[in-house]
K.L.:
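Take this structure, written in C-alpha cells, and hold onto it; I'll ask about it next.
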Amino acid sequence: MAEGDPTNADIARALDEVGDLYELDGAVSHRVLAYHTGAQSVRESSASVAQLAREGRATELPGIGATLQEKILALTENGEIPAAVELHKRWPAGVLDVTRLPGIGAKRARLFYTELGIASTDELRAAAENQALRHLKGVGPKMEEAILQALERRTGDDGRERILASRALAIAEEVAAALEAACGKGVRATPAGSVRRRTETVADIDMIATGPDPAAITRAFCELDLVERAESSGELAARVVLHSGTAVDLRVGDEARHGNLLQHFTGSAAHNTALRERAVKEGLHVSEYGIRGDRADRLELFATEAEVYRRLGMDYIEPELRENRGELDAAREGTLPALVSLADLRGDLHTHTTASDGQASIAEMAAAAKALGHEYLAITDHSATHGFGNDVSPEQLERQIELVREANERIEGIELLAGSEVNILPDGKLDYADDLLARLDWVVASIHTAFKASARAMTDRMLAAIGHPLVDAIGHPTGRLIGKRPPYELELGRVFAAAAETGTALEINSSPNRRDLSEIDARAASQAGVRFVIDSDAHREATLANLQWGVATARRAWLGADAILNALPLDALRASRPRARG
DNA sequence: GCCGTTTTCGGCCCGACTGTTTTCAGTCG
C-alpha cells in the first residue's frame, strides 16, 4: 500500500455510497446489490485493495469484476469515482441522509425529493410538521408521525451505535433468560445472529424462541421489563428496543423446526443467501419454515441445524464460519477445519499484576487462572518505558522474577512463568537488556508508543522485534482498538512472512475491544504459516475469562488447535520457540 | 454488476411487518 492510498474501509464506504446512489436513481436491484457485496468483499480483504487494483488483481476478490475494479482504481488515483460525481449531481447528499432514517428507503426518499424537493432531513422534518407528506401516494399521517419520531430519536449523525460482542452477549443472555422465565416451561430462547457468530461488534441482537404457543412468546417478549418499546410486533416476529438502547429482534416458531429457525436467524445474510442459491440449483427451497422441493409439496422440518445442513449435502458448519468465506464449499467437500475451542487452551501467556498496571497480585492471578483450569500462566507486566507511571525498572523486574519463582514454589497445580510485556521502541530495539530478557521464561513484545510512523518504518520496527531471538510472541500486533482507534500502518505480508520464518508467535489478543490480530488478518497469517498464542491480556482476575473472545476470533479465522501454541503442554510450548530453535 | 456442473447471457433467497391500501409496495433482516 502506497502512502496516501485509500484504505480498504475508505474504498468500501465509497462503493456502498455508489450503490445507495444507484438505488436512488432507480437502477435494477441486482446492480445495487453488486456494489454492496463488492464493498463487503473489500472490507474483508487482508491485502490493500488499492494496491490490488493498481496491479489489476482486485478482480480476484469475490464480487469484484472489471467494472468495480475500474472504479476502485479511479478512487485510488484521482480521489473520486466519476459515476458517484455524476449521480451526486442528481441526488444531493441530504437525500442519502433521508434514506438512512429507519423506515425510509430509497423509494420514499426519491418520492420526497422529486415531488416536494426535500433534500435534507431538516426539510423532511418541516414537511412532516406541516402535514405536507400525507398527500403523496402511499404516505399517510402515521408515516409523518413515524418520521418525526425517528428524527427525534436520532442521536448524533450515524444513528444507532454498534456495540462490542461481549456486551451484546451479556445482554442477549439476560433477555433470553427473562423470556424463558416469563413464558414458563417448554419455551426455549436462544441468541442467534451476529452474537452467536461472535462477530467483533453487533448492530442489534437476534434471538429465536420455540414453544407450543409461538404467538404467546412474542407477546411476552414485548412486555418484558427490560423492554422500553416495541418497534414492531406480529404473530411470528417482533422487534423491541431495550432501556439500554439496544434493539432486539425475535423470531418464534414451534419446536419441530427449531433447527430451521436457528439456522435462518443465525445467518449471516451472505451465508444464507449463498446457501439458498445453491439449494435452488438442486431443486430445494430453504427458509426458516423448512426445506421444500420444487413441486411445493410438503415442508421438511428439522429440530437441529446439523440435520438442515445434512439435508443440503453439507457437514455441520460452526456459526463462527457462516460468513460466505468458503465454508459452503468446504462443508460440501468435507474439508471444514476442526476449530480450536476454549477447552484446548492450556495456559495464558500475557497477564498483568500490580507490579505494573494490573489490579491483582501474582497469587491472586495464579489462583484465578488455576480455577479456569490453566496448566500454566505467564506474568508479563509492562516494561521500563511503558510510560503510564507504572513502568517496571530493570531492578524491579529482577525482583519480580524472584517473586514469581517464589510464588511458583508455593502454589501447587499451576506453573507460573516469569515474563514481561516488553516495549518495541521506535527504532525496533527492546527496552530491557538481552541478559535480563534471557532470564525470563516468556517474552511478549508490543508497540505502545509512536503509532504514527509510516507503514515502512512501522514494519521495519516490527521486523526487528520478530527477529530478536528472545522474543517469543508479538502482543496485539496491529494496535487497533475496535471502534476507537484504527490499526497502525503495517505491511502485514512482510510481518507474517517474518514471523513464519523465525517461529515467533503472533498474538490473538482476547480483550473484547482488541481482538488483535483480527479474524481477517489471522486467517491470512495462518495461510502464511504463522503460529499464534491466544492471550487474555488480563489486568485483573475476572478478565482472564476474556480468552473466549480470542478463541472466537481464532475460530472465525478458521484456526485449529494445531495453530495455537498455548494449546500445547508447557514442555512442547518451550521447545517450539525461536530461542529453542537456536 | 457479477458469475458459470445452466459458462459470455440470463438469471441472481425468502419471508415478516407496517401503513397504505381494498390487494400491495416499501422496508428490513
Side-chain angles (χ1 to χ4, degrees), chain A residues 15 18-19 22-23 27-41 58-72 83 98-112 133-147 149-150 160 192-194 202-208 214-215 218 222 230-240 247-253 260-261 263-292 296 299 312 324 328-329 332:
Chain A
L15 293 180
V18 175
Y22 271 129
E23 191 175 10
V28 294
S29 61
H30 297 106
R31 171 146 68 142
V32 174
L33 188 63
Y35 278 91
H36 294 308
T37 51
Q40 188 58 25
S41 186
T59 52
E60 292 171 14
L61 300 173
I64 305 288
T67 306
L68 261 59
Q69 170 162 274
E70 187 186 321
K71 290 176 158 73
I72 293 167
V98 171
T99 68
R100 286 169 190 144
L101 288 173
I104 305 297
K107 298 221 170 115
R108 283 178 189 144
R110 182 169 58 202
L111 183 71
F112 298 154
L133 301 176
R134 63 182 61 182
H135 308 300
L136 297 171
K137 184 169 159 54
V139 184
K142 284 191 175 176
M143 200 178 296
E144 284 178 340
E145 186 54 37
I147 286 167
Q149 280 196 12
R160 206 167 262 143
S194 51
V202 312
D204 56 22
I205 290 169
D206 295 317
M207 187 167 303
I208 69 155
T218 310
C222 293
E231 285 198 334
S232 76
S233 66
E235 289 277 295
L236 301 168
R239 178 181 179 85
V240 302
V248 186
D249 277 318
L250 178 75
R251 291 296 304 265
V252 298
N260 302 94
L261 196 55
Q263 194 285 323
H264 164 74
F265 222 38
T266 295
S268 63
H271 173 87
N272 280 358
T273 302
L275 175 144
R276 290 170 179 191
E277 283 174 358
R278 284 160 184 248
V280 166
K281 294 190 168 101
E282 291 165 12
L284 295 173
H285 300 268
V286 181
S287 79
E288 59 267 53
Y289 292 103
I291 299 177
R292 69 172 171 78
L299 269 175
L312 299 172
N324 194 28
L328 294 169
D329 280 335
R332 183 62 65 90

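Quick note on labels: first sequence line is chain A, next is B, and so on, each numbered from 1.
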K.L.:
Could you work out which one of B:dG1, B:dC13, B:dC17 sits closest to the side chain of A:S232?
P.N.:
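Of the options given, the side chain of A:S232 lies nearest B:dC17.
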K.L.:
Under 4.0 Å, counting only non-hydrogen atoms across every strand here, what does A:A106 touch: a base, just sugar-phosphate, or nothing?
P.N.:
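Sugar-phosphate: the residue A:A106, judged by heavy atoms under 4.0 Å, touches backbone atoms but no base.
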K.L.:
Heavy atoms from C-beta onward define the side chain here; which of B:dG1, B:dC13, B:dG29 lies closest to that of A:D204?
P.N.:
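Given the options B:dG1, B:dC13, B:dG29, the side chain of A:D204 is closest to B:dG29.
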K.L.:
Taking C-beta and beyond as the side chain, do A:I291 and A:L312 meet within less than 4.5 Å on heavy atoms?
P.N.:
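Yes, their side chains come closer than 4.5 Å.
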K.L.:
As a test of reading the structure: which of B:dG26, B:dG15, B:dG19 is closest to the side chain of A:M143, going by heavy atoms?
P.N.:
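When the side chain of A:M143 is considered, B:dG19 is the closest of B:dG26, B:dG15, B:dG19.
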K.L.:
Can you tell me the base-pairing partner of B:dG4? Count Watson-Crick or G-U wobble geometry only, both distances below 3.5 Å, and say none if there is no partner.
P.N.:
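Pair assignment: B:dG4 / B:dC9.
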K.L.:
A:R251 has a side chain; which of B:dC2, B:dA16, B:dG29 sits nearest to it?
P.N.:
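Between B:dC2, B:dA16, B:dG29, the one nearest the side chain of A:R251 would be B:dA16.
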K.L.:
Describe the nucleic acid contact of A:K137 in one word from base, sugar-phosphate, nothing, applying a heavy-atom distance below 4.0 Å.
P.N.:
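The answer is nothing, as A:K137 stays clear of every strand by at least 4.0 Å.
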K.L.:
In whole angstroms, how far is the P atom of B:dC28 from the CG atom of A:N272?
P.N.:
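Answer to the nearest Å: 19 Å.
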K.L.:
To the nearest angstrom, how far is A:E288 atom CD from B:dC28 atom P?
P.N.:
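Value for this atom pair: 18 Å.
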K.L.:
Map A:T273 and A:L136 onto DNA chain B by nearest heavy atom, then report which one ends up closer to the 5' terminus.
P.N.:
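This one resolves to A:T273.
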K.L.:
Remember a base hit wins even if backbone is also touched, and classify A:D249 as base, sugar-phosphate or nothing at under 4.0 Å, heavy atoms.
P.N.:
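Since only primed, P, OP1 and OP2 atoms lie under 4.0 Å of A:D249, the category is sugar-phosphate.
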K.L.:
Hey, what do you get for NZ (A:K107) to CG (A:L111), rounding to the nearest 0.5 Å?
P.N.:
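A:K107 atom NZ to A:L111 atom CG measures 11.5 Å (nearest 0.5 Å).
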K.L.:
Given side chains that start at C-beta, do those of A:Y35 and A:L68 come closer than 4.5 Å, heavy atoms only?
P.N.:
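The answer is yes; the side chains approach within 4.5 Å.
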K.L.:
Tell me: CD of A:E144 to P of B:dT18, nearest whole Å?
P.N.:
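Answer to the nearest Å: 20 Å.
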K.L.:
Expressed in angstrom and rounded to an integer, what is the separation of A:L299 atom CG from B:dC14 atom P?
P.N.:
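Roughly 12 Å, once rounded to whole Å.
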K.L.:
Between B:dC12 and A:H30, is there a base-stacking contact, meaning the centre of the base's six-membered ring lies under 5.5 Å from the residue's ring centre while the planes stay under 30° apart?
P.N.:
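The ring of A:H30 is stacked on B:dC12.
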K.L.:
What is the distance from atom CZ of A:R278 to atom OG1 of A:T273, rounded to the nearest 0.5 Å?
P.N.:
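A:R278 atom CZ to A:T273 atom OG1 measures 12.5 Å (nearest 0.5 Å).
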K.L.:
Give the nucleotide from the list B:dG1, B:dT20, B:dC14 with an atom nearest to the side chain of A:P141.
P.N.:
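Comparing B:dG1, B:dT20, B:dC14 against the side chain of A:P141, the answer is B:dT20.
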K.L.:
Can you tell me how far C1' in B:dA25 sits from the matching atom in B:dT20, rounded to whole Å?
P.N.:
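These two C1' atoms come out 9 Å apart once rounded.
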K.L.:
What is the distance from CD1 of A:I104 to P of B:dT20, rounded to the nearest Å?
P.N.:
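After rounding, the gap between these two atoms is 11 Å.
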K.L.:
Rounded off to whole Å, could you give me the CD-to-C1' distance for the A:E235 and B:dC17 pair?
P.N.:
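Answer to the nearest Å: 12 Å.
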K.L.:
The side chain of A:K107 lies closest to which of these nucleotides: B:dT27, B:dC17, B:dC13?
P.N.:
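Among B:dT27, B:dC17, B:dC13, the one nearest the side chain of A:K107 is B:dT27.
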K.L.:
Using the C1' atom as the point on both nucleotides, what is the distance between B:dT6 and B:dG10, in whole Å?
P.N.:
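Comparing C1' positions in B:dG10 and B:dT6 gives a spacing of 9 Å.
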K.L.:
Compare the minimum distances between each of B:dG1, B:dG15, B:dG29 and the side chain of A:S287, then state the nucleotide with the smallest one.
P.N.:
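Closest nucleotide to the A:S287 side chain: B:dG15.
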K.L.:
Rounded to the nearest angstrom, tell me the gap between atom CZ in A:F265 and atom P in B:dG29.
P.N.:
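Value for this atom pair: 9 Å.
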K.L.:
Which is true for A:S233 with a 4.0 Å heavy-atom rule: it touches a base, it touches only sugar-phosphate, or it touches nothing?
P.N.:
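Sugar-phosphate, no base atom in range.
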K.L.:
Measuring only the C1' atom in each nucleotide, how far is B:dC17 from B:dT21? A whole number of Å is fine.
P.N.:
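Their C1' atoms lie roughly 15 Å apart.
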K.L.:
Please measure how far the C1' atom in B:dT8 lies from the corresponding atom in B:dC2, and state the result in whole Å.
P.N.:
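Going atom to atom, C1' in each nucleotide, I get 12 Å.
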K.L.:
Which of the following nucleotides, B:dG19, B:dG29, B:dC13, is nearest to the side chain of A:R239?
P.N.:
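The closest nucleotide is B:dG29.
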K.L.:
Select base, sugar-phosphate, or nothing to describe what A:L33 touches, counting heavy atoms under 4.0 Å on all strands.
P.N.:
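Result for A:L33 = nothing.
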K.L.:
Heavy-atom nearest nucleotide on DNA chain B for A:G65 versus A:H285: which residue maps closer to 5'?
P.N.:
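Its nearest nucleotide lies further toward 5', so the answer is A:G65.
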K.L.:
Using atom C1' of each nucleotide, how far apart are B:dG19 and B:dT23 to the nearest Å?
P.N.:
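After rounding to an integer number of Å, I get 13 Å for this pair.
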K.L.:
Tell me: CD1 of A:I291 to P of B:dC13, nearest whole Å?
P.N.:
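Interatomic distance, CD1 of A:I291 to P of B:dC13: 16 Å.
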K.L.:
So what does A:L101 touch, heavy atoms closer than 4.0 Å: a base, only the sugar-phosphate, or nothing?
P.N.:
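Counting heavy atoms under 4.0 Å across all strands, the contact made by A:L101 is with sugar-phosphate only.
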K.L.:
Does any part of the side chain of A:I64, heavy atoms only, come nearer than 4.5 Å to the side chain of A:I72, both counted from C-beta?
P.N.:
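Yes; the side chains approach each other to less than 4.5 Å.
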K.L.:
Less than 4.5 Å apart, side chain to side chain, heavy atoms only: is that true for A:V32 and A:H36?
P.N.:
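With C-beta onward as the side chain, the pair touches.
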K.L.:
Which nucleotide sits closest to the side chain of A:R108: B:dG29, B:dT27, B:dC13?
P.N.:
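The listed nucleotide nearest to A:R108's side chain is B:dT27.
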K.L.:
Are the side chains of A:E145 and A:R134 in contact, using a 4.5 Å heavy-atom criterion?
P.N.:
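Not in contact.
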K.L.:
With heavy atoms under 4.0 Å as the rule, sort A:A269 into base, sugar-phosphate or nothing.
P.N.:
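It contacts nothing in the nucleic acid.
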K.L.:
What do you reckon, is CD of A:Q149 surrounded by more than 12 foreign heavy atoms closer than 6.0 Å?
P.N.:
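Result for CD/A:Q149: enclosed.
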K.L.:
Are OP1 or OP2 of B:dG1 and a side-chain N or O of A:R31 less than 4.0 angstrom apart?
P.N.:
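Affirmative; the distance criterion is met.
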K.L.:
Work out how far the C1' atom of B:dT18 is from that of B:dC13, and round it to whole angstrom.
P.N.:
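Those two atoms are separated by 22 Å.
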K.L.:
Contact class for A:V139 (heavy atom, under 4.0 Å): base, sugar-phosphate, or nothing?
P.N.:
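Sugar-phosphate: the residue A:V139, judged by heavy atoms under 4.0 Å, touches backbone atoms but no base.
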